[in-house]
Amino acid sequence: MRGGSYVLSRYAGICTFLCMVTVGVSAHVGTSNAYYESTAGPYGMRVIVRTPGVIPGLAQISVRILHGNHVEQVTVRSLRADVGLDGAPPPDIARRVPGENHLFSSELWLMTSGSYSVHVTVAGSDGTVSAFVPVQAVAERRLAMGNFVGIVLSAIGLFLFVGAVSIFGAAVRESVLEPGVAPDMTRRRNARITMAIGAVFLASVLSGGWRWWDDVDRAYRDSIYTTWSTTPDIMSTDLGHVLRLVIDDPDWLNLDGEPAFPLIPDHGKLMHMFLVKASDLSAFAHVHPVSVGNDSFVVSLPPLPIGEYHVFADIVHESGFAPTLVDTVDVMEVTRPRSDQPLLPVMRDPDDSWAVFRSSTLNPPDVYQFPSGRFLHWDRDDSFARDEETILRFSVMNQDGTPSVLEPYMGMLSHAAVVRDDGSFFMHLHPSGSINLAAQRRFEQNRSGLRRAHVTGMHDANLESMRESTNEVSFPFVFSESGAYRIVVQVKTEGRVETAAFDIEI
Amino acid sequence: MSSFAPALPATAVEDTRESSEVFGVPWYLWVVAFASESIIVGVIWDISWHRSIGRDSFWTPAHLAIYLGGTLAGLSCGWLVLQTTFASLRRERALSVSFWGFRGPLGAWVCIWGAVAMIVSAPFDDWWHNAYGLDVKILSPPHSVLAAGIYGIGMGTMLMTLARQNGASSSDRSRLLPLLFVHAGGLMIVMVTTLFAEFIMAPNGHHSVLFFLVTAATLPVLLVGISRATRERWGATGASAVYMGLMLTMIWTLQLFPAQPMLAPILRQITHMVPPSFPLLLVVPALLIDLIVNRISSESSRVRAICLAALAGLFFIGGLGFVQWPFAEFLLSDNARNFFFAADQWDYNSPPGMFQYEFWGRQLTAGAASWISVIACFSAVVGLLWGNWMRRVRR
């Protein structure tokens, strides 16, 4: 055991009580929580999956019923991508949260790292609705030992250590004596010697335990999820500047030189890349690099102000695992392409978009005016708090104050990105949440054996919303950590993609 | 610590009260024997639970059995210490050792230590799960603390039984005491084989170097120690029979209970609790050990005793290999895939494959067998020294 003073000395001062150490990143950056909302079918639902951060660990599931009559039962079950529902345990019945008629909660174990899905079923008098909520099960953090736990375990460890040494002494001093006979001086001396030897022996055992714990800890830290390593660079070509992102992770390619984990398109693109100016988040681009070779992606660089940019690139593996590649790039660094790597002319993707934001202090905090003159209103009727279910609601208005009808942008009513000011958090959102459409479709295709009454998906929800003319859009979200965030919202009206930014301190 | 011990003139206390007995055996020996049994049954049950159902909580019957045993052992021995220290029970006081100002049998102190270690392992394990995730394996640092506590209670039970047996006159000695000691020794064997189950229990590994290495290091010390400590002729054989009997009982019982996996991914359909593997055929090497250790007498020279113990270690490895090698082949055959032998039963999250019917690991060679034999001899000699001391324990 490595209790006792070892633990205390090692962890004292690191944190006050059960401090979480966030080390890695996940499908998004800074969290692997998943948010999903669907209004299609007889029951609308908003699902929030709070991942455990350790694997195996317990994920917290909350299901809020948005509309529909008399919900009889809400069930949840976890399934891993490779075995689907055939290898899933029986569903768990989610409990109704006391005081909340429409909110249900449950817990589910995520046992191995990889691509999982939470299958949610809502049954009631109006029928049955079910949905898959893709979840990335990855180890993201290690819990540091708090002072209180350290002190308690140290005290008991010391007690056990001294107790064991005392037992050694008692064994030598008296255990073999005839009943009632008092130990003589020789036995007392031998007992003291034995206790000294025993103390050394136990200390060496504890030392071995310490090293064992260190090995386990090191192995665990090595297993904490980090996304594929990349190298970005910007090259000058006859057609302008091109951003190239090379995935140079040694595990990316298999022995045949092909991607070990092939990608599938999401919204028709293999990669969604977001560039955010690192210094003040004042410039933003949402572009779609194309694949060149097996390990490189290139994209025509939009006209952005010079400076360092955070690079967040969403990709989806065939398993449904959807990592975000993370890097930084300096747009001042322009290099000529190497002669051995001829660069194909890169056409700009018609869905690429970018914006340079004016200082938010020039605008009311809940209104952003686009260059076209239209406005995006943030309906901040919620009191935002850390780790609480939140709805980010926006509406687009024309200059004359009339609603401006939204058009689909890459199959979505809107896109949003939430970025923390230091770049440690990034999440790409849709009105249906943070889940990846391609991953959800993958789970639906592999759902063998399920008799479904009705299955909703992100695409279903969006299509239903888009069938109706609306100028309003909302995103389910949870601010899981405190900090200063910028929310970037992209909408399309009258064939033009426009991008707005809002700031919030949690 | 001894300076705090109360003075102990044997006849100073004329209190004639004694601790109550059942069938000539003090109550606390029955309690700690039951506690040890409860713990080990709980441990085997818990492992089966994780292999069959997967999902658990602190309040599963298996966990309750484990902690009931720990609590019972700790409380009963604590009460015995208080009685011995303050109520001045005549016999118990004469058969006690001093410890931090209190008095009690040595085995009671070991049991109390074990109970504290078991209890402290629970919050340690809980913190571990939060920090590193649920450890789905037997050997982990917090589980080692739990195992140390369980060993403490097992060892304490053996010492208390021996003290009662060795400290009593032959006319005053219950016939049940040697049986209780053999029972406690058998449970210790179960504890050791369970702790190292990942290395030694699957018959697929019974031709491997690792299997013989782990068994050579851990079992001769136990078997020789038990054989030497008991005053019966067949102590090691009896303890091995207890080990095999308990394991077989668990195998045949667990299979009767339906079970359904509750964690994804489920790679194999399970309909009943997955039992442990068929026990090692330890009675054969244990019988050889008893035959050799019985040749050590109080008149034997130290050199002769050590040589005989080393020989016992050698015979252990030879005997185990002689019976386990072909028996492992049988357990991997079609003939063992039935209720009795319970072969070919795998965890719900173990993907089916041909590995089920193959031998694993680096196969034993003559060279490996020779140095493993040396380890077995060393283990047996340590067992001799341990057994010699236990043979003399009176308190």
Side-chain angles (χ1 to χ4, degrees), chain A residues 1-3 18 52-58 77-80 82-83 86-90 92 108-112 116 139 142-145 149 152-153 156-157 159-160 162-164 166-167 169-171 173-183 188 191-192 195 209 212-213 216-217 220, chain B residues 1-2 5 7-11 54-55 91 93-100 105-107 109-110 112-113 116-117 119-121 123-124 127-136 140-142 144-145 148-149 152 159 163 166-167 260-267 348-349 389 392-395:
Chain A
M1 168 191 174
R2 197 178 80 172
L18 297 185
V54 293
I55 302 296
L58 262 179
R77 64 199 302 204
S78 64
L79 53 143
R80 209 174 69 175
D82 56 342
V83 290
D86 287 344
D92 280 31
L108 286 177
W109 280 97
L110 303 178
M111 293 302 292
T112 58
Y116 271 79
R142 182 181 67 74
L143 187 72
M145 183 168 284
V149 177
V152 170
L153 287 180
I156 302 175
F159 173 82
L160 289 173
V162 176
S166 301
I167 287 172
R173 191 175 56 244
E174 295 176 86
S175 70
V176 296
L177 289 178
E178 291 295 334
V181 175
R188 290 180 186 278
R192 283 193 287 272
M195 289 168 72
W212 182 19
W213 190 339
V216 173
D217 189 71
Y220 180 82
Chain B
M1 302 299 169
S2 60
L8 185 70
T11 57
R55 189 188 303 181
R91 174 181 277 184
R93 193 169 174 79
L95 289 172
S96 66
V97 300
S98 63
F99 188 100
W100 295 0
L106 180 68
W109 294 113
V110 180
I112 292 170
W113 186 93
V116 173
I119 290 167
V120 76
S121 76
F124 184 26
W127 175 84
W128 188 272
H129 293 170
N130 287 326
Y132 300 110
L134 182 70
D135 43 347
V136 282
S140 70
S144 297
V145 177
L159 289 174
N166 298 341
Q260 181 180 31
M262 297 297 287
L263 293 177
I266 300 166
L267 305 179
Y348 72 90
N349 56 359
W389 170 70
R392 295 187 292 127
V393 166
R394 282 172 167 72
R395 300 186 177 196

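Computed from a prediction, not measured in an experiment: that's the story for all the values here.
- If you measure heavy-atom distances from B/W389 to chain A, the contacts under 4.5 Å come from both the backbone and the side chain.
- Interface summary for chain B: among A/G87, A/A191, A/G57, the most heavy-atom pairs under 4.5 angstrom belong to A/G87.
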- [ ] Report the C-alpha distance between A/V54 and B/Y132 in whole Å, list the side-chain angles of each, state the deciding distance to 0.1 Å, and finish with yes or no for side-chain contact (heavy atoms from CB on, under 4.5 Å).
- [x] CA-CA 6 Å; A/V54 293; B/Y132 300 110; 6.0 Å; no
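- For A/F159, the parts lying under 4.5 angstrom from a heavy atom of chain B are both the backbone and the side chain.
- Using a 4.5 Å cut-off on side-chain heavy atoms (C-beta onward), A/P179 and B/L95 make contact.
- A distance of 9.5 Å separates CZ in A/R173 from CZ in B/F99, rounded to the nearest 0.5 Å.
- A/S166 is not listed as a side-chain neighbour of B/W109, based on a closest heavy-atom distance of 4.5 Å or more.
- In this structure, the portions of B/P265 lying under 4.5 Å from any heavy atom of chain A include both its backbone and its side chain.
- In this structure, A/G163 and B/W113 approach most closely via the heavy-atom pair C-CD1, 4.0 Å.
- At a 4.5 Å heavy-atom cutoff, the contact between B/L106 and chain A is made by side-chain atoms alone.
- For the set B/A117, B/S121, B/A131, B/P142, the count of heavy-atom pairs under 4.5 angstrom toward chain A peaks at B/A131.
- Taking CH2 from B/W127 and CG from A/L153, the interatomic distance works out to 8.5 Å, rounded to the nearest 0.5 Å.
- When each of A/P183, A/A164, A/P52, A/G169 is checked for heavy-atom pairs under 4.5 Å with chain B, A/A164 comes out on top.
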Open item on the list: Between B/R395 and A/L177, does the side-chain contact (heavy atoms from CB on, under 4.5 Å) criterion hold? Intermediate values first, please.
Closed with: CA-CA 7 Å; B/R395 300 186 177 196; A/L177 289 178; 3.7 Å; yes
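- The ring-ring contact (aromatic ring centres under 6.0 Å, His included) search around A/W109 returns none, not counting sequence neighbours.
- How far CG of B/L267 is from CG of A/D82: 7.0 Å, rounded to the nearest 0.5 Å.
- Between A/A88 and B/A264, the closest heavy-atom pair is CA-CB, 4.4 Å.
- A distance of 6.0 Å separates CH2 of A/W213 from CH2 of B/W128, quoted to the nearest 0.5 Å.
- Distance check: B/M262 CE to A/R77 CZ gives 10.0 Å after rounding to the nearest 0.5 Å.
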- [ ] Could you walk me through whether A/D92 and B/R55 pass side-chain contact (heavy atoms from CB on, under 4.5 Å), step by step?
- [x] CA-CA 12 Å; A/D92 280 31; B/R55 189 188 303 181; 2.6 Å; yes
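- For A/I167, the parts lying under 4.5 angstrom from a heavy atom of chain B are both the backbone and the side chain.
- Under the 4.5 Å side-chain criterion, counting only non-hydrogen atoms from C-beta, B/I266 is not in contact with A/V83.
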